[in-house]
Amino acid sequence: MPKRPIMHDDFMPRTSWAQRVFSKAGLVIAVVVLLLGLGSCAFKSIPAGHVGVATFFGEVVEDQFEPGLHFPVNPLYKWHLYDARQKTHMETASVPSQDQLSTDIDVSVQYRIAAPMATQILKDTGTAEQAVIVHLIPKVRSLLREQGKTIVRAEDFFKEETQQNLQVSLQAGLAEFLTPRGLEVQDVLIREIRLPPRLIAQIEQKKETEQQAERQKAELIRYETEQQQQVVKAKADLEAAKQEAERRRTLAEAQAFEIQKINEAIAQNPAYIQLESLKALQAISKDPAAKVYFLNGDSPQPLPLMNIGSEGKAIGR
């Protein structure tokens with residue numbers, strides 16, 4: 001029987017059937033993972049309120065990506081997301097006025113990224129944070145200092161009219177400057193104003209002086225009120241005194257008139273005194289401590305004699 005020629009495979013290690021199956025399965029899995037990886041790169045989800053901008057090897061892709069799922073996309077894109085929702089930036093600036101005093105003012109700027117200009121922002125400035133640093137913050141500070149030049153005194157910042165004008169001017173100036181650069185200004189608010197310490201001390205001293213003047217004014221008004229009350233009372237007392245004097249004068253006139261009438265009655269009727277004398281004697285006799293009294297019968301108008309003294313002499317007419 002002829003011999004089989006020796007082949008090259010005779011010197012190679014033999015593999016089992018199981019090894020060959022697992023080797024093929026591993027290759028399939030690797031291919032599937034690779035395809036899934038490449039497939040996942042072909043999807044891009046943009047969150048709500050955002051806009052996506054892609055770059056391809058450093059070159060900005062002109063088409064922007066709105067919120068939602070995008071497929072297919074180039075798996076080699078590098079993504080930049082811009083939050084287009086409203087935000088607030090707080091800024092503090094030292095603002096000098098014409099009196100050469102610096103006042104610290106806290107300003108709140110409400111803004112948002114202009115979504116249609118996200119591609120331009122990436123080209124010209126970079127991220128949204130960089131746009132705020134490069135454009136918004138320096139402009140706010142600059143406008144505040146420019147507006148401060150129109151303020152005569154630092155304390156004028158507390159006037160409502162001054163704050164209103166400052167807010168309107170800031171909003172108009174920021175909108176004009178930032179809109180072409182992809183930032184939309186919604187509103188500008190003055191949150192707090194801090195005057196220089198020296199000026200605060202002067203204002204407090206002035207306020208204390210004004211309060212002292214108000215207290216003195218109130219005291220003067222109180223004193224004037226009391227004086228007016230006293231004048232009214234004096235007038236009332238004078239009127240009462242006049243009425244009392246008038247009453248007494250009327251009473252005196254009545255008494256004088258009564259005496260006059262009595263005298264006239266006596267002059268016209270002498271027996272009137274005798275009658276009155278008898279009435280007086282009758283009243284005296286009722287007194288337990290009464291003494292002995294006598295009547296002078298010879299008198300044309302007999303009157304009771306006065307009390308007899310200790311010596312037994314009568315005192316009388």
Side-chain angles (χ1 to χ4, degrees), residues 8-9 11-92 107-143 170-171 173-189:
H8 182 268
D9 293 340
F11 297 95
M12 298 297 293
R14 295 182 177 274
T15 58
S16 66
W17 174 84
Q19 289 177 335
R20 290 196 298 270
V21 170
F22 280 113
S23 177
K24 293 180 180 179
L27 180 61
V28 171
I29 292 173
V31 172
V32 171
V33 170
L34 179 62
L35 291 176
L36 289 175
L38 293 176
S40 63
C41 293
F43 293 89
K44 183 61 181 177
S45 177
I46 305 298
H50 293 68
V51 61
V53 179
T55 57
F56 184 67
F57 292 109
E59 184 178 354
V60 178
V61 178
E62 294 297 333
D63 293 334
Q64 297 183 172
F65 295 84
E66 301 297 328
L69 182 64
H70 298 271
F71 175 81
V73 294
N74 191 333
L76 299 179
Y77 279 172
K78 182 179 180 181
W79 294 95
H80 305 268
L81 294 180
Y82 289 83
D83 190 346
R85 294 171 294 185
Q86 180 170 304
K87 292 180 175 57
T88 298
H89 173 76
M90 296 288 299
E91 186 64 29
T92 300
V107 179
S108 174
V109 181
Q110 296 178 351
Y111 72 97
R112 69 171 67 243
I113 296 294
M117 298 187 65
T119 302
Q120 191 64 34
I121 293 174
L122 180 60
K123 289 181 179 179
D124 297 340
T125 310
T127 64
E129 291 76 13
Q130 290 172 332
V132 172
I133 295 173
V134 173
H135 299 305
L136 192 149
I137 295 176
K139 191 60 177 179
V140 170
R141 295 176 179 176
S142 176
L143 289 175
L170 284 175
Q171 184 170 352
L174 287 174
E176 181 181 0
F177 178 78
L178 297 177
T179 299
R181 293 164 176 79
L183 296 176
E184 297 178 354
V185 178
Q186 308 295 319
D187 200 0
V188 177
L189 303 174

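Values in this document were obtained by computation on a predicted structure and should not be read as measured data. Only heavy atoms go into these numbers, but all of them, side chains included; no hydrogens, no water, no symmetry mates.
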### Query
Side chains of I46 and E66: does their closest heavy-atom pair fall under 4.5 Å?
no
### Query
Does V53 reach the side chain of V61, with side-chain heavy atoms less than 4.5 Å apart?
no
### Message
Keeping T127 on the side-chain end and Q130 on the backbone end, is there a donor-acceptor pair under 3.5 Å?
### Response
yes
### Task
Considering non-hydrogen atoms only, spot the tightest contact between A118 and V51 and give its length.
CB-CG1, 3.6 Å
### Query
What is the minimum heavy-atom distance between H50 and R85, and which atoms define it?
CE1-NH2, 3.3 Å
### Message
Using the rule given for side chain to side chain contact (heavy atoms under 4.5 Å, CB included), can you reason through V107 versus M90, listing the C-alpha separation, both sets of side-chain angles and the distance that settles it, and then say yes or no?
### Response
CA-CA 6 Å; V107 179; M90 296 288 299; over 6 Å; no
### Task
Report yes if some heavy atom in the side chain of Q110 is under 4.5 Å from a heavy atom in the side chain of K87; otherwise report no.
no
### Message
Looking at every heavy atom in both Q120 and D124, which two are closest together, and how far apart are they?
### Response
NE2-OD2, 2.6 Å
### Query
CZ of F56 to OH of Y77: how many Å apart, nearest 0.5 Å?
7.0 Å
### Query
Does some side-chain heavy atom of S108 sit less than 4.5 Å from a side-chain heavy atom of V188?
no
### Query
Going by heavy atoms in the side chains, are R181 and V134 under 4.5 Å from each other?
no
### Message
Under a 3.5 Å distance rule, please check whether R112 uses its side chain to pair with a backbone N or O of A84 as donor and acceptor.
### Response
yes
### Query
Going by distance alone, is a donor N or O of one side chain under 3.5 Å from an acceptor N or O of the other, for T125 and H135?
yes
### Summary
Heavy atoms of V185 and A175 approach each other most closely as CG2-N, 4.1 Å
### Task
Considering non-hydrogen atoms only, spot the tightest contact between D83 and G49 and give its length.
OD1-O, 3.4 Å
### Task
If the plane angle is over 60° it's perpendicular, under 30° parallel, otherwise tilted; pick one for F65 and W79.
perpendicular
### Query
Rounded to the nearest 0.5 Å, how far apart are CG of L183 and CD1 of I113?
4.5 Å
### Task
Give the intermediate values and the outcome of side chain to side chain contact (heavy atoms under 4.5 Å, CB included) for residues L122 and Y82.
CA-CA 9 Å; L122 180 60; Y82 289 83; 3.1 Å; yes
### Query
Should we count CD of E176 as having more than 12 external heavy atoms under 6.0 Å?
no
### Query
Where do M117 and Q64 come nearest, in terms of heavy atoms and distance?
C-OE1, 3.9 Å
### Message
Please determine whether the number of non-hydrogen atoms from other residues, nucleotides or ligands lying under 6.0 Å from atom NZ of K78 exceeds 12.
### Response
no
#### Entry: Heavy-atom side-chain contact between V132 and Y111 under 4.5 Å
yes
#### Entry: Trace of the salt bridge (charged side-chain N to carboxylate O under 4.0 Å, His left out) decision for E62 with K123
CA-CA 10 Å; E62 294 297 333; K123 289 181 179 179; 2.4 Å; yes
### Task
First locate atom NZ of K44, then atom CG of L81, and finally report the distance between them rounded to the nearest 0.5 Å.
5.5 Å
### Query
Hey, are the side chains of E184 and T179 touching, using non-hydrogen atoms and a 4.5 Å cut-off?
no
### Query
Is there a side-chain contact between V109 and E91, using heavy atoms and a 4.5 Å cut-off?
no
